[in-house]
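Take a look at the structure set out below.
All chains are named by letter (A, B, ...) in the order of the sequence lines, taking the proteins before the strands, and each is independently numbered beginning at 1. Keep in mind it's a predicted model, so treat the numbers as computed, not measured.
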Amino acid sequence: MIIHNQNFDIMQIADSGQCFRMNYIENKDKKVKYGLVAYGRYLELTQLDPDTVEFSCSEEEFYQIWEEYFDLKYDYGKIVNGLINGEDPFLKEAALYGKGIRILKQEPFEAAISFIISQNKNIPAIKNCIEGICRRYGEQKENKECGRIDYVTFPTAEVLGQAVKEDLRALKTGYRDEYILKAAQAVKTGELDLENLKQCSFEEAVKTLKGIHGIGEKVANCISLYGLHHIEGFPVDVWIQKVLKEIYNNQFDKDKYKGYSGIVQQYMFYYMRHLKSAS
DNA sequence: AGCCAGGTGACCG
DNA sequence: CGGTCACATGGC
């Protein structure tokens, strides 16, 4: 299954800090390959050229799951061009630099737990921690399309909600162990209905999420943006704080980008990390 | 070796 | 409300 899209770069997506189970596999003949587990499936993606991505799955599976997952019906080119031709010099560069990023539609529960774990950790540590949790509590599966690859799914709330705190702690969750446990139990009992939060407003979703112990403003924005696809989400972490302070002198107005501020935030994050690592 | 990481809750005034 | 502090642990 081959897809052409001018705003679809799998390396940029994998490196954009919004998902933690998309991993580099190889680079053969300048064609980069990544593997990913989501929605109980394993998928491999190959960037054939800047505008072309090959999916390892069938056409049915692509239209059933991945077209939606990668938000491929939405026109990111329009957003990118608007920023490139706009008045904001930083966003001009940022959009140009990260034009292949897309905001993924991840599973809400996975996004919730992943971003609870993310607090005060760097991205490699988050990935390792999540992988450990999947291995311990996820379901073992086998993928035949990609040569019988064994993989583990992200655990369900039912399974994770029955975990023992000490076991979670042993998986490098640190002080977040009880945050994870409480959140999983809240989903399990129905006290926290993530599917329902997709339907209601962004503001309502954030407010509800913040009612869970261990979910604050930033994590609630991440879950809303990456797990519920509330595109107005605007997570402010240490990197975005740097942007807002150093580039905008704390005068940035996200309301100028109403309806897609989450995408703007993602370009900012990706570009700022690049600037800092290059300096 | 020591600082930092896609922060949050508790506690303070 | 807004400022400080501890929190557990790996990455670099």
Side-chain angles (χ1 to χ4, degrees), chain A residues 12-24 94 97-98 101-106 108 110-136 154 163-184 186 192 205-247 250 252 254 261-279:
Chain A
Q12 291 189 352
I13 294 168
D15 200 30
S16 69
Q18 55 174 316
C19 62
F20 304 103
R21 301 200 71 203
M22 184 170 176
N23 296 309
Y24 172 83
Y97 184 72
I101 297 175
R102 313 188 71 83
I103 302 294
L104 304 181
K105 296 187 184 179
Q106 301 180 57
E110 176 171 345
I113 299 299
S114 296
F115 283 99
I116 286 172
I117 290 168
S118 79
Q119 62 186 78
N120 232 42
K121 273 182 181 292
N122 57 33
I123 291 173
I126 299 165
K127 286 184 156 201
N128 289 331
C129 185
I130 291 173
E131 222 42 48
I133 288 177
C134 291
R135 273 198 290 272
R136 174 69 178 76
F154 194 89
V164 179
K165 198 159 79 169
E166 288 69 29
D167 292 346
L168 285 173
R169 182 62 73 97
L171 293 167
K172 321 297 182 192
T173 56
Y175 63 88
R176 308 160 194 79
D177 54 0
E178 61 178 8
Y179 297 166
I180 296 165
L181 202 51
K182 291 269 183 61
L192 177 62
V206 167
K207 190 176 145 197
T208 304
L209 287 166
K210 283 172 72 175
I212 300 294
H213 193 63
I215 299 182
E217 186 69 29
K218 189 268 174 182
V219 168
N221 270 264
C222 284
I223 299 168
S224 296
L225 180 58
Y226 307 121
L228 308 173
H229 208 69
H230 284 303
I231 209 70
E232 315 90 299
F234 196 92
V236 179
D237 72 323
V238 290
W239 294 97
I240 296 293
Q241 271 176 35
K242 276 195 231 286
V243 173
L244 299 183
K245 188 176 171 197
E246 294 175 16
I247 309 293
N250 291 326
F252 183 78
K254 71 174 179 182
S261 57
I263 299 175
V264 170
Q265 178 274 158
Q266 199 63 34
Y267 296 145
M268 282 180 162
F269 176 81
Y270 186 71
Y271 187 51
M272 193 59 174
R273 274 167 49 94
H274 159 72
L275 289 181
K276 290 293 175 183
S277 64
S279 64

Practice item. Select base, sugar-phosphate, or nothing to describe what A:Gly17 touches, counting heavy atoms under 4.0 Å on all strands. Key: base
**Study point:** Between CG on residue A:Leu168 and CD1 on residue A:Ile180, distance to nearest 0.5 Å
**Key:** 5.5 Å
Check your understanding: Going from NZ on A:Lys121 to CD1 on A:Ile126, what distance comes out if it is rounded to the nearest 0.5 angstrom?
Key -> 8.0 Å
Check your understanding: How far, in whole Å, is B:dG6 from C:dC7 if one measures between their P atoms?
Key -> 22 Å
**Study point:** Rounded distance (nearest 0.5 Å) linking atom NZ of A:Lys210 with atom OG of A:Ser224
**Key:** 10.5 Å
Review point. So what does A:Glu178 hit on the nucleic acid, given a heavy-atom distance under 4.0 Å: a base, only sugar-phosphate, or nothing?
Key: nothing
Check your understanding: Of all heavy-atom pairs between A:Gly132 and A:Leu171, which one has the smallest distance, and what is that distance?
Key -> O-CD2, 4.0 Å
Review point. Between A:Tyr226 and A:Gln266, does any side-chain donor sit less than 3.5 Å from a side-chain acceptor?
Key: yes
Exercise for review: Remember a base hit wins even if backbone is also touched, and classify A:Ser114 as base, sugar-phosphate or nothing at under 4.0 Å, heavy atoms.
Suggested key: nothing
**Study point:** DNA chain B: 5'-proximal contact among A:Trp239 and A:Ile215 (nearest heavy atom)
**Key:** A:Trp239
Review point. So what does A:Lys242 hit on the nucleic acid, given a heavy-atom distance under 4.0 Å: a base, only sugar-phosphate, or nothing?
Key: sugar-phosphate
Practice item. Answer with base, sugar-phosphate or nothing: what part of the nucleic acid does A:Gln241 contact at a heavy-atom distance below 4.0 Å? Key: nothing
Exercise for review: From the options A:Phe269, A:Tyr267, A:Tyr97, select the one residue that forms a ring-ring contact (aromatic ring centres under 6.0 Å, His included) with A:His274.
Suggested key: A:Tyr97
Review point. Would you say the side-chain atoms of A:Arg169 pair up with the backbone N or O of A:Asp177, donor to acceptor, closer than 3.5 Å?
Key: no
Practice item. Mind checking A:Ile212 for me? I need base, sugar-phosphate or nothing, with any heavy atom below 4.0 Å counting as a touch. Key: sugar-phosphate
**Study point:** chain A contact limits on DNA chain B, taken 5' to 3' with a cut-off of 4.0 angstrom to heavy atoms
**Key:** B:dA5 to B:dA10
Point to revise | Separation of the P atoms in B:dC4 and C:dC5, to the nearest angstrom | key: 15 Å
Review point. Is a donor on one side and an acceptor on the other found under 3.5 Å between the side chain of A:Gln119 and the backbone of A:Val219?
Key: no
Practice item. Between B:dC3 and C:dA6, how far apart are the P atoms? Round to whole Å, please. Key: 15 Å
Practice item. Using the P atom on both, measure C:dA8 against B:dC11 and round to a whole Å. Key: 16 Å
**Study point:** CD1 on A:Ile130 to CZ on A:Arg21, rounded to 0.5 Å
**Key:** 8.5 Å
Quick one: which protein N/O atoms are closer than 3.5 Å to N/O atoms of nucleotides 6-10 of chain C? Pair and distance per line, please.
| unit_1 | atom_1 | unit_2 | atom_2 | d |
| --- | --- | --- | --- | --- |
| C:dA8 | O4' | A:Tyr175 | N | 3.1 |
| C:dA8 | N6 | A:Asn120 | ND2 | 3.1 |
| C:dA8 | N1 | A:Asn120 | ND2 | 3.3 |
| C:dG10 | OP1 | A:Lys172 | NZ | 3.2 |

Exercise for review: Under 4.0 Å between any heavy atoms, over every strand shown, what does A:Phe20 touch: base, sugar-phosphate, or nothing? Just pick one.
Suggested key: nothing
